[in-house]
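For reference, the structure discussed in these notes is given below.
Remember, it's 1-based here, ligands and their atoms both numbered in the order they're listed.
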Amino acid sequence: MLYLVPTPIGNLEDITMRALRVLREADLILAEDTRTSGLLLKHFDIHRPMLSYHKFNEHQTVAAIVQRLQAGETIAVVSDAGTPAISDPGFLVAREAIRAGIEVSCLPGPTAFVPALVASGLPADKFCFEGFLPQKKGRQTRLTEIAAETRTLIIYESPHRLPRLLEELSRTMGDDRQAAVCRELSKVHEDIRRGTLAELAAHYAETEPRGEIVVVVAGREETPEERRERKRNINNK
Ligand code: SAM
């Protein structure tokens, strides 16, 4: 059995009882960074064999991991923080294990984008998770594509790139689009700033952003024609 196990994104109290049990019972723990996860496991007094599994070795190691699963081992995957496979390694091993007929389960647990979306106060009924936008090639194309999106958008960004991102979003989507910058979720200095893209861009041009950041942006408002079309489709179903 393969378990994908979410770990805290800041506050250690966010680990679940089940995550602790699964980690304690695993034959092997695959960790994005064995030092980072080693500290977490030590904190919870968990002592299981660990193997490094990250974006630079996942392609080479995945076949051997699937073999171990086929031989009957129970393996848990953790990333540095949050849910594996969400802008982190985990997708490849999950896919290959499923292809090999192994049972794969992901525990519910910490991830940065759900609290950011919910605390933003923007519609949470339909949303698009964008993760990190491409840094160079394809960035402008992606920005133009997501500007047309009517669902709420969730973007991961590093603090030093935040001012540029807010300025680009404001330029592509319009100054008045509502958004939220969610910093340091679950940590002592958690901070959620809500406003228009222009207001947020102006604030972070002045105030150097620190810590880990999720940006949530309202979707584009539907045109009356799009709204009529959507309602027609719902009624026809
Ligand atoms: N697997 C993680 C998850 O489930 O959210 C995401 C890992 S990704 C490499 C790291 C990014 O997640 C950060 O750059 C930031 O955008 C976001 N993030 C992680 N922890 C956060 C926190 N405590 N507050 C705000 N954003 C966070």
Side-chain angles (χ1 to χ4, degrees), residues 2-16 18-19 22-23 29-37 39-41 43 52-58 76-95 104-122 124 127-135 139 142-143 146 152-166 168-169 179-195 200 203-204 207-217:
L2 179 73
Y3 286 103
L4 295 118
V5 180
T7 54
I9 57 164
N11 191 326
L12 292 183
E13 288 175 3
D14 291 336
I15 193 99
T16 68
R18 190 160 161 237
V22 166
L23 292 171
I29 297 173
L30 300 179
E32 183 182 9
D33 182 329
T34 50
R35 265 187 315 175
T36 304
S37 300
L39 291 173
L40 180 83
L41 296 176
H43 177 86
S52 138
Y53 176 80
H54 47 69
K55 64 178 173 189
F56 303 109
N57 75 357
E58 58 181 351
V77 183
V78 295
S79 63
D80 287 355
T83 301
I86 301 298
S87 297
D88 264 343
F91 157 71
L92 192 68
V93 67
R95 185 188 69 186
V104 173
S105 180
C106 176
L107 270 53
T111 183
F113 80 87
V114 174
L117 170 66
V118 176
S120 73
L122 296 169
F127 57 87
C128 277
F129 175 73
E130 285 292 321
F132 293 96
L133 296 182
Q135 277 314 310
R139 185 174 178 91
R142 195 75 206 117
L143 281 164
I146 61 174
T152 302
L153 292 151
I154 303 166
I155 302 167
Y156 282 176
E157 190 54 286
S158 64
H160 69 279
R161 296 201 191 99
L162 180 72
R164 172 183 159 208
L165 174 70
L166 291 171
E168 288 170 325
L169 291 173
V181 172
C182 308
R183 284 193 318 110
E184 300 287 79
L185 292 163
S186 85
K187 302 185 197 176
V188 183
H189 297 293
E190 174 171 311
D191 170 49
I192 298 163
R193 184 166 285 271
R194 305 170 184 88
L200 293 169
H203 175 80
Y204 286 108
T207 317
E208 190 192 335
R210 295 238 165 94
E212 297 197 277
I213 291 164
V214 183
V215 179
V216 186
V217 190

(message) Tell me if a side-chain donor or acceptor on R183 pairs with a main-chain N or O of I213 at a distance below 3.5 Å.
(response) no
(message) Does R95 have more than 12 heavy atoms from other residues, nucleotides or ligands lying within 6.0 Å of its CZ?
(response) yes
(request) Quick one: look up the protein heavy atom nearest atom 26 (N) of ligand 1 and list residue, atom name and how far away it is. (result) V214 CG2, 3.4 Å
(request) Number the atoms of ligand 1 from 1 as they appear, then name those within less than 4.0 Å of a heavy atom of E157, with their elements. (result) 16 (O)
(request) Check whether any N or O atom of P84, backbone or side chain, sits under 3.5 Å from an N or O atom of ligand 1, and answer yes or no. (result) no
(message) Given 3.5 Å as the limit, does a donor-acceptor pair link the side chain of S186 with the main chain of N11, or not?
(response) yes
(message) If we ignore hydrogens and angles and just use 3.5 Å, is the side chain of E32 paired with the main-chain N or O of Y53 as donor and acceptor?
(response) no
(message) Taking 4.0 angstrom as the limit and counting only heavy atoms of E184, give me the atoms of ligand 1 inside it, by number and element.
(response) 23 (N), 24 (N), 25 (C)
(request) Report the nearest protein non-hydrogen atom to atom 25 (C) of ligand 1: residue, atom name, distance rounded to 0.1 Å. (result) E212 O, 3.2 Å
(request) May I ask you to identify the nearest protein heavy atom to atom 3 (C) of ligand 1, giving residue, atom name and distance to one decimal place in Å? (result) T111 OG1, 3.3 Å
(request) Would you please classify the geometry between the Y156 ring and the F132 ring as parallel, tilted or perpendicular, with 30° and 60° separating the classes? (result) perpendicular
(request) Tell me which protein heavy atom sits closest to atom 6 (C) of ligand 1, plus the residue, atom name and distance to 0.1 Å. (result) I86 O, 3.3 Å
(request) Before signing off on this row, confirm whether I9 and ligand 1 have an N or O atom pair separated by under 3.5 Å. (result) yes
(message) Is there a polar contact between ligand 1 and L185, counting only N or O atoms under 3.5 Å apart?
(response) yes
(message) Please determine whether side-chain contact (heavy atoms from CB on, under 4.5 Å) holds for the pair L23 and I29, giving the CA-CA distance in whole Å, both sets of side-chain angles, and the decisive distance to 0.1 Å.
(response) CA-CA 7 Å; L23 292 171; I29 297 173; 3.9 Å; yes
(request) Determine, considering heavy atoms only, which of I213, T83, V78, D88 sits nearest to atom 7 (C) of ligand 1. (result) D88
(message) To the closest 0.5 Å, what do you measure between CD1 (I146) and SG (C128)?
(response) 9.0 Å
(message) For K187, which part has a heavy atom under 4.0 Å from ligand 1: side chain, backbone, both, or neither?
(response) side chain
(message) Any nitrogen or oxygen of A112, side chain or backbone, less than 3.5 Å from one on ligand 1?
(response) yes
(request) Among all protein heavy atoms, pick the one closest to atom 5 (O) of ligand 1 and tell me residue, atom and distance. (result) Y156 OH, 2.6 Å
(request) Provide the closest heavy-atom pair for L4 versus G90 in the form atom of the first, atom of the second, distance. (result) CD2-O, 4.0 Å
(request) Please work out which of A81, A116, S87, G131 has its closest non-hydrogen atom nearest to atom 9 (C) of ligand 1. (result) S87
(request) Count the heavy atoms belonging to other residues, nucleotides or ligands that lie under 6.0 Å from CD of Q135, then report whether that count exceeds 12. (result) yes
(message) Please check: side-chain N/O of T83 versus main-chain N/O of P110, any donor-acceptor pairing under 3.5 Å?
(response) yes
(message) How far is atom 10 (C) of ligand 1 from the closest protein heavy atom, and which atom is that?
(response) F132 CZ, 4.1 Å
